[in-house]
*Asks:* 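One structure, as structure tokens, below. Some questions next.
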Amino acid sequence: MSMKGKLITLEGIDGSGKSTITKRLRSNPDFKDFVFTREPTTSWIGDAVNRAIHSDTDDLAELLLFTADHAEHISKLILPALESGQNVISDRYSGSRYAYQAVTLKGKFPEPMEWIQQIHHGWTVDPDLTVLFDIDPKISVERCGNRGEQTKFEKIDFLEEVRANYLKLAEAHPKRFVIINTDRPVDEIEKDVLDAINSLLENK
Ligand SMILES: Nc1ncnc2c1ncn2[C@@H]1O[C@H](COP(=O)(O)OP(=O)(O)O)[C@@H](O)[C@H]1O
Ligand SMILES: Cc1cn([C@H]2C[C@H](O)[C@@H](COP(=O)(O)OP(=O)(O)O)O2)c(=O)[nH]c1=O
């Protein structure tokens, strides 16, 4: 008898509204038994990732730090939680590497997105559902401006490419991805996210 939990990931460009919705889900009593997590994680490797993204670090070194953080995340938190039957919601996951680092590594070697997916292959856990928060970067960057903090990725041209990569991933995995337009009021977005999660859980 398998009692494996479900893995739900939230993906999207900077400022697409993931943290805002995560906060709502966390305070929803229906999700009190869920494990909420995020990448970059709060481990020391996550701290190293944060150092990388706030400095002029080599793009390949940065990808490998993100991936090391993911390995630690998988073995210490994701797998044990799923195996004990808990459902997990992660604010960012492997999809962030496939979408963002495929842009930072463009031109360094051929087919970076495929290569990044390959180095995850065999040990990562594929999500049961990925909710893609889709929005025009012009709007999300303006929202981030209001938020105050900045990462080196918060540039419209860069995020246009990241968004295109996310849409490509969604097209390649139509069963797993649900695309949500997040240029709308938070209540409407929340309703669509809840619908997507509930239909996954009902399909057990
Ligand atoms: N639906 C929305 N409409 C307007 N502003 C929003 C909406 N969702 C989030 N925001 C604001 O946009 C900024 C970025 O949202 P956030 O949830 O932090 O995005 P992310 O976690 O994806 O980077 C925050 O200042 C937040 O308050
Ligand atoms: C997890 C992950 C994040 N990132 C980027 C996205 C963000 O710009 C930055 C930090 O992630 P995060 O703290 O989630 O930023 P935000 O709240 O603005 O969405 O790191 C990657 O490029 N690759 C990855 O694998």
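Only this structure's heavy atoms are used, side chains among them; waters, hydrogens and symmetry mates stay out. Counting starts at 1 for both ligands and their atoms, following the listed order.
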*Asks:* Does any N/O atom on Arg38 come nearer than 3.5 Å to any N/O atom on ligand 2?
*Replies:*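 Such a contact does occur with ligand 2.
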*Asks:* Would you mind listing which atoms of ligand 2 come within a distance below 4.0 Å of any non-hydrogen atom of Arg97?
*Replies:* 1 (C), 24 (C), 25 (O)
*Asks:* Looking at Lys191 and Asp187, is any side-chain nitrogen of the basic one under 4.0 Å from a carboxylate oxygen of the acidic one?
*Replies:*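 The answer is no: the pair does not qualify as a salt bridge.
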*Asks:* Give the numbers and elements of all ligand 2 atoms closer than 4.0 Å to a heavy atom of Lys18.
*Replies:*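 Once the distances to Lys18 are compared, the set is 19 (O).
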*Asks:* Does ligand 2 have any atom that is closer than 4.0 Å to a heavy atom of Lys152?
*Replies:* no
*Asks:* Would you call Glu11 and Lys18 a salt bridge, taking side-chain N to carboxylate O under 4.0 Å as the test?
*Replies:*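 Looking at Lys18 together with Glu11, the answer is no, because their closest N to O distance does not fall below 4.0 Å.
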*Asks:* Among Thr41, Asn50, Thr42, which residue satisfies the side chain to side chain donor-acceptor pair (under 3.5 Å) criterion with Asp69?
*Replies:* Thr41
*Asks:* One pair to check against salt bridge (charged side-chain N to carboxylate O under 4.0 Å, His left out): Glu62 and Lys152. What are the steps and the verdict?
*Replies:* CA-CA 12 Å; Glu62 189 170 88; Lys152 66 182 177 190; 2.7 Å; yes
*Asks:* Counting heavy atoms only, which of Ile116, Thr67, Asp14 comes nearest to atom 8 (O) of ligand 2?
*Replies:* Asp14
*Asks:* Would a 4.5 Å heavy-atom cut-off, applied to side chains only, mark Val103 and Asn165 as touching?
*Replies:*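 Of all side-chain heavy-atom pairs linking Asn165 with Val103, at least one is under 4.5 Å.
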*Asks:* Please identify which atoms of ligand 1 are closer than 4.0 Å to at least one heavy atom of Ile189.
*Replies:* 1 (N)
*Asks:* Are Arg92 and Arg38 close enough that some pair of their side-chain heavy atoms sits under 4.5 Å apart?
*Replies:*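 Not touching, per the 4.5 Å side-chain cut-off.
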*Asks:* Gly15 to ligand 1: N or O pair under 3.5 Å?
*Replies:* yes
*Asks:* So do Phe153 and Thr104 actually touch side chain to side chain, heavy atoms under 4.5 Å?
*Replies:*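 Yes, their side chains come closer than 4.5 Å.
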*Asks:* Is there a polar contact between ligand 1 and Ser16, counting only N or O atoms under 3.5 Å apart?
*Replies:* yes
*Asks:* Considering only heavy atoms of Glu39, which atoms of ligand 2 have at least one such atom less than 4.0 Å away?
*Replies:*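 Selected atoms, number and element: 1 (C).
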*Asks:* Tell me, do Thr130 and Tyr93 make a side-chain contact under 4.5 Å, heavy atoms counted?
*Replies:*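 SC-SC contact between Thr130 and Tyr93 ruled out.
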*Asks:* Heavy-atom contacts with Lys18 under 4.0 Å: which atoms of ligand 1 show up? List them by number with element.
*Replies:* 17 (O), 19 (O), 20 (P), 21 (O), 22 (O), 23 (O)
*Asks:* Using a 4.0 Å heavy-atom threshold (strictly under), name the region of Ile53 that reaches ligand 2: side chain, backbone, both or neither.
*Replies:* side chain
*Asks:* If you measure every N or O of Ser19 against every N or O of ligand 2, does any of those distances drop under 3.5 Å?
*Replies:* no
*Asks:* Evaluate the ring planes of Trp123 and His120, with Trp represented by its six-membered ring, and classify them as parallel (under 30°), tilted (30 to 60°) or perpendicular (over 60°).
*Replies:* parallel
*Asks:* Would you say Gly12 contacts ligand 1, with heavy atoms under 4.0 Å as the rule?
*Replies:* no
*Asks:* Would you check whether Lys23 reaches within less than 4.0 Å of ligand 1, judged by its heavy atoms?
*Replies:*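 Per 4.0 Å heavy-atom rule, Lys23 does not contact ligand 1.
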*Asks:* Any Lys/Arg nitrogen of Lys108 or Asp58 sitting under 4.0 Å from an Asp/Glu carboxylate oxygen of the other?
*Replies:* yes
*Asks:* Can you check whether Cys144 has an N/O within less than 3.5 Å of an N/O in ligand 1?
*Replies:* no
*Asks:* Using a 3.5 Å cut-off on N or O atoms only, is Asp14 in polar contact with ligand 1?
*Replies:*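 Such a contact does not occur with ligand 1.
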*Asks:* Whether Asp126 and Arg176 form a salt bridge (side-chain N of Lys/Arg under 4.0 Å from carboxylate O of Asp/Glu) is what I want to check.
*Replies:* no
*Asks:* Does an N or O from Arg92, backbone or side chain, lie closer than 3.5 Å to an N or O of ligand 2?
*Replies:*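 Checking ligand 2 against Arg92, an N or O pair does fall under 3.5 Å apart.
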